[in-house]
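Reading through the structure tokens given below for one structure.
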Amino acid sequence: MIEVNQLGKSFGDLVVFRDIQLHIQSREIVVLVGPSGSGKSTLLRCLNGLEEPDAGSIRVGEAAWDASMDAARKKQAIRNIRTLTGMVFQSFNLFPHMTALENVMMAPTLVKKMSRAQAAEIGESLLAKVGLSQKKNEYPSRLSGGQQQRVAIARALAMQPQVMLFDEPTSALDPELTGEVLAVMKQLAAEGMTMIVVTHEMKFAREAANRVIFMSDGKIQEESTPEQFFVQPKTERARKFLRQIE
Ligand code: ADP
Ligand code: MG
């Protein structure tokens, strides 16, 4: 479903990562961990077309981007990749002047030119899926953080992505609200969604991930099953990281 080869990204003199290789199967749940500043968000943003890499290639489903393409083809490739990937951020990023339902309906009506009636139907079923049917007419300011994040997940799903990318989706939430968001993510995983999740929720990683990828110093240092990674990490760098987040 996702194939990344020799991917590189720098900001000016700062090399965030280089030579990233990543192959993810359909229906796979990959948890991406690593120290702060190791490039996890930048990698997700490259996979979603929010950031343009400087080297290598990305394929998501049928959409492919390659550093050697000309500017026009790259632009089209990024547009294609963006429609196939849904992204959920730490900070929810809902539109404050729109209700929960309007937030979910926005991209389908604007980008896919769907009729309002059809978008509303899809929006209501997605809000039901994340357990928020009763809140469809509320504005974000009247929702808890956990509810806002569930709306954000429904909004990302409204574009029918083939892959969902989550960047620390529970980090901004009070501890008692993380469970409801993780439960929605687990349900999505069980339904067969392909997912990459940056998270410090090690319980989620243990229970839901097929694979844990540990990034640091601009590289993928380690790829293991959750059992291996948490019980017997291969590198000293990963052991140190695990001690710090415990
Ligand atoms: P992580 O998500 O693992 O904490 P990030 O991907 O956010 O790491 O950041 C990786 C590095 O790239 C950091 O040193 C960060 O300061 C830098 N960085 C991220 N985005 C930008 C940007 N738009 N411009 C310049 N530097 C950036
Ligand atoms: Mg980050």
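Just so you know, ligand 1 is whichever comes first in the structure, and atom 1 is the first atom listed for that ligand.
- Atom 3 (O) of ligand 1 is approached by the protein to below 4.0 angstrom, counting heavy atoms only.
- Phe230 carries Arg206 over the face of its six-membered ring, with the cationic atom under 6.0 Å from the centre and within 45° of the normal.
- Listed by atom number, the atoms of ligand 1 under 4.0 Å from Pro35 heavy atoms are 3 (O).
- Here Thr42 fails the criterion, with no N, O or S atom under 2.8 Å of the Mg ion (ligand 2).
- Under the 4.5 Å side-chain criterion, counting only non-hydrogen atoms from C-beta, Gln221 is not in contact with Ile213.
- Checking only distances, Glu51 never comes within under 3.5 Å of ligand 1, N or O to N or O.
- Here the protein heavy atom with the shortest distance to atom 8 (O) of ligand 1 is Gly39 N, 3.1 Å.
- What sits closest to atom 23 (N) of ligand 1 on the protein, heavy atoms only, is Phe11 CE2, 3.6 Å.
- What sits closest to atom 7 (O) of ligand 1 on the protein, heavy atoms only, is Ser41 CB, 3.7 Å.
- The pair Asp66-Lys74 does not meet the salt-bridge criterion, since no charged nitrogen lies less than 4.0 angstrom from a carboxylate oxygen.
- Counted within 6.0 Å of CD on Gln232, heavy atoms from surrounding residues, nucleotides or ligands total 12 or fewer; the atom is thus considered open.
- Close approach of ligand 1 to Ser38 (heavy-atom distance below 4.0 Å) involves ligand atoms 1 (P), 3 (O), 8 (O).
- A salt bridge does not link Glu236 to Lys240: none of the charged nitrogens lies less than 4.0 Å from a carboxylate oxygen.
- Contacts between Thr42 and ligand 1, counted as non-hydrogen atom pairs separated by less than 4.0 Å, involve both the backbone and the side chain.
- Of all atoms in ligand 1, numbered sequentially from 1 with element shown, those under 4.0 Å from a heavy atom of Gly37 are 1 (P), 3 (O), 4 (O), 8 (O), 10 (C), 11 (C), 13 (C).
- The part of Leu14 lying near ligand 1 is the side chain, judged by heavy-atom distances below 4.0 Å.
- Residue contact check: Val16 has heavy atoms under 4.0 Å from atoms 10 (C), 12 (O) of ligand 1.
- The pair Lys129-Glu191 meets the salt-bridge criterion, since a charged nitrogen lies less than 4.0 angstrom from a carboxylate oxygen.
- Under the 3.5 Å distance criterion, with hydrogens and angles disregarded, no donor-acceptor pair is assigned to the side chains of Arg73 and Gln76.
- Looking only at distances, no side-chain donor or acceptor of Ser10 sits under 3.5 Å from a matching main-chain atom of Gly12.
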